[in-house]
Amino acid sequence: MGAMRGEDTRREPDETRNRPGRINRNFFLHIHAARVHLHSLRTDYTFGLGIILGFLFAVMILTGVILLMNYTPSVERAYNSVKDIVFIVPGGRYIRNIHRWAAHAMVLVSFLHLVRVFFTGGYLGGRRLNWVFGVVILFLVMFMNFSGYLLPWDQLAYWAVTIGSNIAASFRELTDVLGITQVLDIGGFIKRLLIGDENVGQPALSRFFMLHVVFLPVTLMVFMGLHFWRIRKDGGISRPPDSNAPKLSSWPLVMWAELALLLMTVAVLLCMAFLFDAPLRQEANPAFPENPAKSPWYFLGVQELVSYSAFAGGVIIPLLFLAFLVSIPYVDREDRFTGIWFSGKQGGRITWQSALFALTVTLVLVFIFIRYGWLKNWFPAIPRVLVMLVNPATLSALLYVAWAKWIGDRTGSTRMSAISLFTCSLMGLVLFTAIGIWFRGPNWEFYWSHAQWPVF
Amino acid sequence: MKHQNETGQTRRDFLKRISIWIAATAGILASASLLRQFVPRRTLHQKRYKVGRKSDFPVNTFTYLADRQLYVYRDHEGIRALSAVCTHLGCIVEKSEQGFLCPCHGSCYDRDGHVLSGAAVKNLPWYAMYRDPDGQIVVDQGRLVDPDQKLYL
């Protein structure tokens with residue numbers, strides 16, 4: 001007893017000196033587990049994507065709060081207040097640029113994170129629910145971006161949200177076919193709920209401001225909390241079950257790793273914001289859209305899809321994709337290959353075969369569409385339903401599903417089936433987005449390069 | 001002493017259950033009435049408005065009225081009004097050789113507003129027109145008419 005008390009007194013000065021470190025550590029260990037698997041620290045496994053997303057979100061909040069001080073959410077003032085931020089507020093342009101690039105990075109990193117977790121089987125075992133939280137976060141991030149770009153009230157803002165709200169209203173295409181639009185106008189209801197009127201105006205701006213600044217960030221925080229909490233509950237991030245790698249003390253190893261990622265993330269953002277200005281077009285003009293009216297790059301895939309059909313491309317296919325993502329961990333119940341890239345050799349082979357299949361199928365369909373026209377050009381009297389339901393996007397999706405079914409039958413494995421469908425969808429998404437970004441010009445016509453665009 | 005009925009339910013069980021039901025009903029009704037605030041009840045969108053006098057519109061031309069997103073066509077007999085809002089996703093269609101072309105996703109319409117190609121599934125609507133007692137021409141977006149129906153002037 002006496003000896004122990006002696007020890008305590010000897011340690012005391014040391015403890016006092018370490019107190020800030022201890023408090024730090026306590027907060028740090030409040031979020032992290034005390035011990036961590038060596039495998040979880042491998043950068044070629046996680047690439048740090050999840051933690052980068054967390055940092056990006058922190059940057060978004062910080063820069064967002066700064067921007068809020070000079071922004072006015074009114075139709076008369078919004079555009080000019082953003083102009084003030086860019087041209088008058090000291091450093092305002094820089095803060096806005098950081099906000100912009102962090103937002104784009106969030107979309108990109110969310111998708112990469114999804115891909116990483118999928119291909120390493122990170123959704124298996126007890127992690128099924130956390131995968132669903134992750135999908136919710138992905139869609140919240142997309143919606144955050146969508147609500148954010150109405151706020152500057154420039155031409156891009158106005159027409160992107162007009163198009164977006166009319167995609168919601170395209171349920172009318174379905175109810176028209178059924179002949180019940182007069183009784184049950186679901187599309188019109190969703191549109192009015194979203195933008196508060198028949199056309200984009202002050203109610204839309206107020207609603208999107210509320211969504212962007214209050215509702216979505218808070219919801220995102222809740223889901224991020226759930227996501228992190230599940231990681232700890234599930235025993236850390238996924239790893240091969242047989243890995244006998246030693247467990248290490250999180251402090252200070254994980255702290256250094258995360259600090260490095262934070263510095264890297266911030267450094268990249270600062271450089272991007274310094275080099276590239278966030279665009280601000282002309283003030284919103286409801287009388288004339290821009291030509292071409294292109295949304296930011298991450299929505300150009302959907303924009304390409306809606307150029308085939310509003311309802312099929314803007315509602316059916318995104319909903320099917322969402323349903324597929326959510327259902328993955330519940331359809332694939334094979335608890336093998338957790339933490340192994342592509343579930344081993346067979347999965348790797350199926351991944352690149354599926355990518356090649358999707359590439360070919362979609363390119364051929366799009367080639368026919370662009371070169372020879374489509375049903376309406378060939379059979380002018382064709383029924384509306386066929387115009388709506390048969391197009392390169394829906395046919396691609398159908399062929400992807402058939403391919404995944406065939407793979408599933410051939411290998412007898414739901415995992416391989418899931419890998420092939422996921423790879424195909426991803427390939428399709430990348431392809432349609434690339435077409436939208438680089439090969440579409442005025443009137444949404446096909447051009448090999450921007451240099452061929454006609455001059456008005 | 002516990003009061004039980006034939007099924008073994010005590011008075012306390014009954015009170016507990018009924019208070020949960022009452023609270024749930026009150027909660028649902030309150031939320032429903034609050035959620036109604038999200039549904040807009042007033043619109044800035046005008047369905048009937050004056051577009052000007054006959055002399056404002058040149059003959060045999062589609063005149064674009066920017067603030068109404070409307071094309072007005074006048075010929076030697078009369079005048080007609082065509083919506084300029086693409087039925088696909090709401091952009092404004094431009095005049096083209098065949099008729100009209102949407103810059104956003106390339107839907108084509110002929111001069112009567114019928115879909116020629118593209119993702120649009122509905123034709124551009126023609127609106128009814130009237131003459132106001134003060135001599136101005138009125139467009140009524142609430143009433144759709146056939147492409148050949150004119151307001152004779």
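Lettering follows sequence order; numbering is per chain, from 1. Just the heavy atoms: all of them, side chains too, but no hydrogens, waters or symmetry mates, feed the values below. Since this is a predicted model, take the numbers as computed values, not measurements.
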Original post:
Which pairs, with at least one residue in residues 47-115 of chain B and sequence neighbours excluded, count as a disulfide (SG to SG under 2.5 Å)?
Top reply: Cys91(B)-Cys104(B)
Original post:
When heavy-atom pairs shorter than 4.5 Å are enumerated against chain B, which of Gly196(A), Ala293(A), Pro292(A) gives the highest number?
Top reply: Gly196(A)
Subject >> Most contacts with chain B, counted as non-hydrogen pairs under 4.5 angstrom, among Trp374(A), Phe311(A), Tyr308(A) >> reply: Tyr308(A)
Spacing of [X] atom [atom1] and [Y] atom [atom2] [to the nearest 0.5 Å]:
| X | Y | atom1 | atom2 | value |
| --- | --- | --- | --- | --- |
| Ile92(B) | Trp159(A) | CD1 | CH2 | 4.0 Å |
| Phe288(A) | Gln69(B) | CZ | CD | 10.0 Å |
| His105(B) | Glu445(A) | NE2 | CD | 13.5 Å |
| Leu89(B) | Gln303(A) | CG | CD | 9.0 Å |

Original post:
Of the backbone (N, CA, C, O) and the side chain (C-beta and beyond), which part of Val85(B) lies under 4.5 Å from a heavy atom of chain A, both, or neither?
Top reply: neither
**OP:** With a 4.5 angstrom heavy-atom cut-off, could you sort out which part of Leu65(B) is near chain A: side chain, backbone, both or neither?
**Re:** neither
Decide if atom [atom1] of [X] counts as having more than 12 heavy atoms of other residues, nucleotides or ligands within a radius under 6.0 Å.
| X | atom1 | answer |
| --- | --- | --- |
| Trp448(A) | CH2 | no |
| Lys16(B) | NZ | no |
| Tyr130(B) | OH | yes |
| Phe215(A) | CZ | no |
| Phe139(A) | CZ | yes |

Original post:
Can you list the steps and then say if Lys122(B) with Glu173(A) is a side chain to side chain contact (heavy atoms under 4.5 Å, CB included)?
Top reply: CA-CA 9 Å; Lys122(B) 274 196 238 178; Glu173(A) 289 186 9; over 6 Å; no
**OP:** Among Ala84(B), Ser107(B), Gly90(B), single out the residue with the greatest number of heavy-atom pairs under 4.5 Å to chain A.
**Re:** Gly90(B)
Original post:
Do you know which of Ser96(B), Ala119(B), Pro103(B) has the most heavy-atom pairs under 4.5 Å to chain A?
Top reply: Pro103(B)
Original post:
What residues of residues 174-190 of chain A sit under 4.5 Å from chain B when only non-hydrogen atoms are counted?
Top reply: Asp176(A), Phe189(A)
Original post:
Which residues, numbered in order, of residues 432-440 of chain A come under 4.5 angstrom of chain B by heavy-atom distance?
Top reply: none
Contacting moiety of [X], where chain B heavy atoms sit under 4.5 Å:
| X | result |
| --- | --- |
| Ser309(A) | backbone |
| Pro286(A) | both |
| Val306(A) | both |

Subject >> Residue-level contacts of residues 40-58 of chain B with chain A, using a heavy-atom cutoff under 4.5 Å >> reply: Pro40(B), Arg42(B), Thr43(B), Leu44(B), His45(B)
**OP:** Measure across Gly118(B) and Val387(A) and return the closest heavy-atom pair with its distance rounded to 0.1 Å.
**Re:** O-CG1, 4.3 Å
